[in-house]
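Okay, structure first, notes after.
It should be emphasised that the depicted structure is a prediction, and the values quoted were computed from it without experimental measurement. One-based numbering along the sequence shown.
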Amino acid sequence: MKRLFLFIALLTALPAHADRSDFGHGVAAMACAMLDAGYSQREAEEVLQLLGRQIVRSGISERAQSQMASGFNYMARKNDCPLRGNN
């Protein structure tokens with residue numbers, strides 16, 4: 001149930017600024033918070049993969065995907081979070 005709620009929260013944020021690195025920052029913060037809340041790394045990665053598939057299906061450009069991944073990786077490193085996005 002919590003996982004579904006987190007996934008829905010991530011999806012509702014998608015249209016806001018999907019082509020900017022700050023969206024990646026927000027996704028990283030949420031994913032790292034999942035780890036802090038007791039979710040396993042595998043569970044957090046599954047949610048990220050679901051979100052990634054939705055983003056790709058939305059038709060977002062490769063440049064925008066790269067910006068999001070860069071923003072995600074920057075925030076994950078800054079917060080000493082083991083998760084990384086694909087560039």
Side-chain angles (χ1 to χ4, degrees):
M1 183 67 179
K2 287 191 297 186
R3 187 170 158 198
L4 178 62
F5 172 74
L6 290 172
F7 181 68
I8 291 170
L10 288 172
L11 286 180
T12 58
L14 181 61
H17 297 290
D19 63 338
R20 296 180 14 191
S21 63
D22 58 347
F23 180 79
H25 292 178
V27 171
M30 179 62 117
C32 295
M34 288 176 66
L35 295 177
D36 291 343
Y39 287 90
S40 70
Q41 185 168 342
R42 185 177 70 76
E43 290 172 318
E45 288 172 348
E46 285 176 3
V47 171
L48 292 173
Q49 289 173 2
L50 288 171
L51 179 60
R53 285 193 296 268
Q54 289 291 330
I55 290 170
V56 169
R57 276 188 229 142
S58 75
I60 195 166
S61 71
E62 287 185 27
R63 180 175 181 264
Q65 289 178 47
S66 178
Q67 286 176 334
M68 285 189 289
S70 294
F72 180 93
N73 290 332
Y74 169 80
M75 189 57 69
R77 274 190 306 275
K78 186 175 178 180
N79 291 310
D80 196 28
C81 181
L83 300 171
R84 294 294 180 266
N86 297 329
N87 278 334

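By the 6.0 Å contact criterion, CZ on Arg42 is open, its count of non-hydrogen atoms from other residues, nucleotides or ligands being 12 or less. Atom CG of Asp80 has 12 or fewer neighbouring heavy atoms from other residues, nucleotides or ligands inside a 6.0 Å radius.
Smallest separation of non-hydrogen atoms from Ile60 and Gln65: O-NE2, 3.2 Å. Taking both residues in full, the closest heavy atoms of Met75 and Ala28 are given as CB-CB, 3.7 Å, listed atom of the first, atom of the second, then distance. In this structure, Ala44 and Met34 approach most closely via the heavy-atom pair CA-CE, 3.8 Å.
Listed by chain and residue number, Cys32, Leu35, Ala76, Leu83 satisfy the side-chain contact (heavy atoms from CB on, under 4.5 Å) test with Cys81 (two or more places apart in sequence, or in another chain).
Taking CZ of Arg53 as the reference point, atom CG of Leu48 lies at 11.0 Å (rounded to 0.5 Å).
Put simply, the side chain of Gln54 does not reach to within 4.5 Å of the side chain of Leu50, judged on heavy atoms. Within the 4.5 Å cutoff, the side chain of Val47 has no heavy atoms near those of the Met30 side chain.
For Ser58 (side chain) and Ile55 (main-chain N/O), a donor-acceptor pair under 3.5 Å exists by modelled atom type. Of the possible donor and acceptor atoms, none in the side chain of Ser66 sits under 3.5 Å from a partner among the backbone N and O of Glu62.
Pairs passing the ring-ring contact (aromatic ring centres under 6.0 Å, His included) check and including a residue from residues 46-80, sequence neighbours excluded, read His25-Tyr74.
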